[in-house]
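Okay, structure first, notes after.
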Amino acid sequence: MPFYNASYIYYNYNVNFTYLSTKINYLGQSDQILIKKAYDYAAKAHEGQTRLAGGPYIEHCLQTAAFIADLKLDAKAVAAALLHDVVEDTPYTLEQIRREFGRTIAALVDGVTKLGHIRITRQWLFIKNEKEIKEFDRQVETLRKMFMAMAKDIRVVIIKLADRLHNMKTLYAIPENKRARIAKETLEIYAPLAYRLGMGELKGQLEDLAFPYIYQEEQFSLKKKVAGRLERKEKYIRQLKGILTKKLSQAGIKAEINGRAKHMYSLWQKLKRYNGDISQIYDLVALRIVVNTIEEAYKALGIVHELWKPLSGRIKDYISMPKFNGYQSLHTTVFAEKGEIVEIQIRTFKMHDRAENGIAAHWHYTEKKGGSDYLKRQIDRVPARELRWVNELARWQKILTDNREIIDSLTMDFFSDRIFVSTPKGDVKDLPIGSTPIDFAYSIHTDIGHATVGAKVNGKMVDLSHRLENGDIIEILTKKNSKPKRDWLNFTKTSNARSKIKASVEKTPLFKNPFTKS
Ligand code: MN
C-alpha cells in the first residue's frame with residue numbers, strides 16, 4: 001500500500017523570485033521593492049541551506065510568501081513571510097532584521113518564530129481511553145488559545161498557517177518518526193484555527209494533507225470507495241451546469257458555475273455520522289453558483305427550485321443567518337435530472353472569497369458602511385460557546401473595515417487577563433497575568449511547588465519572583481526535602497499556590513526553637 005499518494009504533492013521545484021513577483025502586482029512599486037529586498041536578505045541568510053524535500057531552503061520562504069501574496073495581504077506581511085525562518089534557522093538576529101526592515105516586520109517575524117514553539121507532544125499520539133481524550137481536548141483548546149494570545153497580530157497567525165501548509169506539502173521528506181506528531185498538530189491546532197478565521201479552503205487543504213499520516217488505512221480505503229463515484233458525479237454535474245447556465249442567463253443573471261468535490265477528510269468525518277453510507281452524502285460534488293448580488297443569489301435559488309424539486313428540510317439560508325465564522329451561502333439539495341440528489345450552493349463573489357479566505361479576505365475588500373452592524377446582528381445567532389471567537393472576529397473585521405492603518409497596530413487583547421506558558425515538554429498552563437515561576441510550579445503539582453529552588457525561563461535562570469510572560473517556556477528546578485518560603489507569599493498570584501504555601505509554612509515555625517533537640 002503506498003503510504004504517500006502523489007496527488008498530495010503540489011510542490012513546485014525550483015521556484016525563484018519570478019514566481020513571487022508575478023503575484024505581487026496588486027501592490028505599489030515601493031512595496032514591491034521592499035519585498036525584493038526581503039527576498040535578497042532571506043536568500044543570503046539561508047544561503048547553502050537545503051530542505052529535506054530537496055531544493056534550496058529559500059523555496060520554502062518563497063512558497064510561504066506566495067500564499068500570503070495570493071491572499072493579497074499587505075507588503076509587510078509578504079516580506080515577513082520571506083523572512084520568517086531567518087531568526088530561527090540562520091545566524092542573523094531579530095535586531096538585525098529590525099534595523100534593516102523596521103519594527104513591524106521584525107515583530108511579525110518574531111511572532112511567527114515564537115508560534116513555532118507551540119507543540120503537541122508525542123504522548124498524545126497514543127491516547128486511548130475517554131479520560132485521556134478529554135484531557136487531550138482540554139490541552140488542545142488551551143494550545144489554540146495560546147496560539148492566538150501569543151500572535152497579537154493576525155498577520156502572524158496567517159503567515160504561520162501558510163508556513164505550516166507548505167511544511168505539510170513536504171512532510172513526506174521529514175523523518176518518519178516525526179510525521180505523525182506534526183500531522184496531528186496540523187489537524188488539531190492549525191486546521192481548527194483556519195476554520196475559526198473563516199479560511200475554509202486552507203482548513204480543507206491542511207486536513208487533507210494531514211489525513212493520510214494519521215489515518216493511513218482509512219484514508220486509503222476512502223479514496224478507493226470514492227474514486228469511481230466521484231468521476232461519474234463530476235460528469236453529471238457538468239450536465240447540470242449546462243442546463244443552469246442557460247436558465248440563469250435567460251433570467252439575466254451572470255453567474256459562475258462550478259462543481260466542487262468535497263475535501264477527503266471532511267467527507268470522512270461526515271461519513272462517520274452516516275454510518276459509512278456514501279449514498280447519503282449529497283455534496284460529494286456540490287454545484288456552486290456564484291453571482292454578483294444578494295438579490296441575484298435569492299433569484300437563482302428560485303430558478304433552481306423551479307427546475308428541480310428541493311428536498312424538504314435541506315434548504316439553508318446562511319446569507320441571512322451566517323455561520324459563527326462568518327460563512328455565508330444559500331444551500332439547497334434537489335432532485336435533479338434523472339432524480340439524482342445534488343447539493344447546490346449559491347453565493348456572491350464577495351461571500352465566495354470570504355468562504356475561502358476568511359479574515360484574510362478583508363485586506364482587499366473595503367466594505368461599505370453598515371457592514372459591522374451586519375456582523376453585530378449575526379453575533380446574536382451564535383451559540384455561547386463560540387461567541388468569544390465571533391466577537392473577536394467581528395472586532396477584527398470592524399477594525400479592518402473602518403481603518404486600514406490600524407492593521408499595523410492591531411493587537412488582540414482577547415485573553416488580556418491570562419497568559420499562556422508551558423513546560424519544556426510543551427504542557428501548557430494558563431495563569432493570571434503577573435504570575436511567577438512559583439505559581440507555575442504549583443499549577444503542575446503541589447510537591448513540585450513545595451520543592452522549588454530555582455527556575456529557568458526560556459533557558460535562562462531567573463528569580464522566583466520573575467514575572468512570566470505569554471509564551472514563556474519554564475523549567476522548574478527542585479530539590480528533595482526543600483520547603484516553601486514564607487516570602488513567596490509576597491509575589492505569588494494564584495490562590496492555589498498561596499493556600500498551599502500558607503498551609504506549609506504554618507506547620508513550620510518561623511524560627512527554630514533553640515530548646516528542642518533536632
Ligand atoms: Mn518555515
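Counting starts at 1 for both ligands and their atoms, following the listed order. Any value given below was found using the heavy atoms of this structure, including those in side chains, with hydrogens, waters and symmetry copies removed. The chain is numbered in sequence order, starting from 1. Here the structure is a predicted model, which is why all the values come from computation and not from measurement.
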field: Pair Y57 and H60, ring centroids less than 6.0 Å apart
entry: yes
- line: Applying side-chain contact (heavy atoms from CB on, under 4.5 Å) to T18 and not counting sequence neighbours gives N16, S21
- request: For the Mn ion (ligand 1), state how many protein N, O or S atoms fall inside a distance shorter than 2.8 Å.
  value: 4
message: Within this structure, what is the CG-SG distance for the pair L82 and C61, rounded to the nearest 0.5 Å?
response: 7.0 Å
Crowding at CD, E88 (>12 non-hydrogen neighbours, <6.0 Å): yes
- prompt: How would you list, by chain and number, every residue that makes a side-chain contact (heavy atoms from CB on, under 4.5 Å) with A42, sequence neighbours excluded?
  reply: H46, I58, L83, V86
- prompt: Of all residues at least two apart in sequence or in a different chain, which pass the side-chain contact (heavy atoms from CB on, under 4.5 Å) check with Y26?
  reply: A69, K72, V78
